[in-house]
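Worksheet for the structure shown next.
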Amino acid sequence: MKKRILFIATGGTIASEVTELGLKPGISAEGLLRAVPAIRELCDVECLQLYSLDSTDIGPEHWLGMARAIRENYEGFDGFVLSHGTDTMAYSAAALSYLIQGSAKPIILTGAQKPIGFDTTDSRVNLLDSFICACSGDMHGVMIVFNGRVILGTRARKTHSKSFDAFSSINYPHIADVRDGRVTQYIVPGFERKPRFFSELDCRVSLLKLIPGADTAQLLFLMERSDALVIESFGVGGLPRGLHEAVHLAAREGKLIVMSTQVQNEGSDLAVYGTGRPLSEDPLILEAYDMTTEAAVTKLMWLLPISRSQAKAARLFYTPVNHDILAAR
Ligand code: ASP
């Protein structure tokens, strides 16, 4: 029997058309499917046109909207494919990984670097590959299918702004390849008997990317406006001398501080250098280790509304979700 897949369209380049003001999403979910007739031969598809946005305009309220749409339709379908702009797709995939946990059914995000109507485009193959994965049986939870690779939702990052090879899997292998319509799967993600849906996010989360010479004023500015702050420091992690006190103090005032690194691969290890060791020894300061920034930011947004104490928040932060963190103290 054919699988039933819900196709949720949100916009992005894949659905974009040329306008006088640049590329803008205008093609409907039905229009996208018409461009790839093989999809309807493969499965029964229903369309939901949720948004029609460049993903630059997608944020937490839309992540909640996507999660809600999946929750409301969860029982009626075998899997979900979302078309989405590539620019913030890694954030949406990470956010959905926290909002929908333990799903046995595949929830696949895809998109393209070139619109579906262009002569040279990655749209059609990405869309078809996504439906092939959604029907393949061993895909569970949230993932991105792009350029022949399947990447866990918490591990994706956009690493090329123009080429078709737009996404990489960071600090974790991609879980499958899709080539010529066949899936070669190396890792089967875990799932639970029943998925757990969450419906709240705290948007007061900020990210500070350090530059040499960064001063406390920038830190305090963000701290005042945030419940949690991810600090992308240098190398394996640490802070310039002048910033330590403000960070320890903010943690004592109840802010969640996560030390991370702006180096894309291999993650942080705060305890190595004198510039990081005092932070690693402060139980109120958290460390991202091998997590992506996209995952750290959205995990904080998810865990803040459900943690009443810093201890609970730390516990949740270090508890792996969709393989988002391997090394944790
Ligand atoms: N600006 C587009 C978007 O993120 C880029 C893309 O989809 O490739 O919606």
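Values in this document were obtained by computation on a predicted structure and should not be read as measured data. In listed order, ligands and their atoms are each counted from 1.
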Tell me which protein heavy atom sits closest to atom 4 (O) of ligand 1, plus the residue, atom name and distance to 0.1 Å.
-> S55 OG, 2.5 Å
Cut-off 3.5 Å, side chains only: do Y91 and S55 have a donor facing an acceptor?
-> no
Do we get K105 above Y74's six-membered ring, with its NZ or CZ under 6.0 Å from the centre and within 45° of the axis?
-> yes
The protein heavy atom nearest to atom 1 (N) of ligand 1 is D87 OD2, 2.8 Å
Assess R225 against F221: is NZ or CZ under 6.0 Å from the centre of the six-membered ring, and within 45 degrees of the ring's axis?
-> yes
For ligand 1, is there an N or O atom under 3.5 Å from any N or O atom of D54?
-> yes
Quick check: does G85 get an N/O under 3.5 Å from an N/O on ligand 1?
-> no
Near Q113, which atoms of ligand 1 are under 4.0 Å from a heavy atom of that residue?
-> 8 (O)
Within 4.0 Å of some non-hydrogen atom of G12, the atoms of ligand 1 are 7 (O), 9 (O)
Note, V258 side chain near E287 side chain (heavy atom, < 4.5 Å) = no
Less than 3.5 Å between some nitrogen or oxygen of T13 and one of ligand 1, yes or no?
-> yes
Using the six-membered ring wherever Trp is involved, compare the ring planes of H323 and Y172 and label them parallel, tilted or perpendicular (cut-offs 30° and 60°).
-> tilted
Can we say R155 and D290 salt-bridge, meaning some charged N sits less than 4.0 Å from an Asp/Glu carboxylate O?
-> yes
Any atoms of ligand 1 less than 4.0 Å from a non-hydrogen atom of A112? List them with their elements.
-> 6 (C), 7 (O), 8 (O)
Close approach, P25 and ligand 1, non-hydrogen under 4.0 angstrom | no
Kindly confirm or rule out an N or O of T86 lying under 3.5 angstrom from an N or O of ligand 1.
-> yes
Polar proximity ligand 1 side, H84 side, N/O cut 3.5 Å exclusive | no
Under 3.5 Å, is there a donor-acceptor pair linking the side chains of E232 and T293?
-> yes
Should R4 and E75 count as an ion pair when the cut-off is N to O under 4.0 Å?
-> no
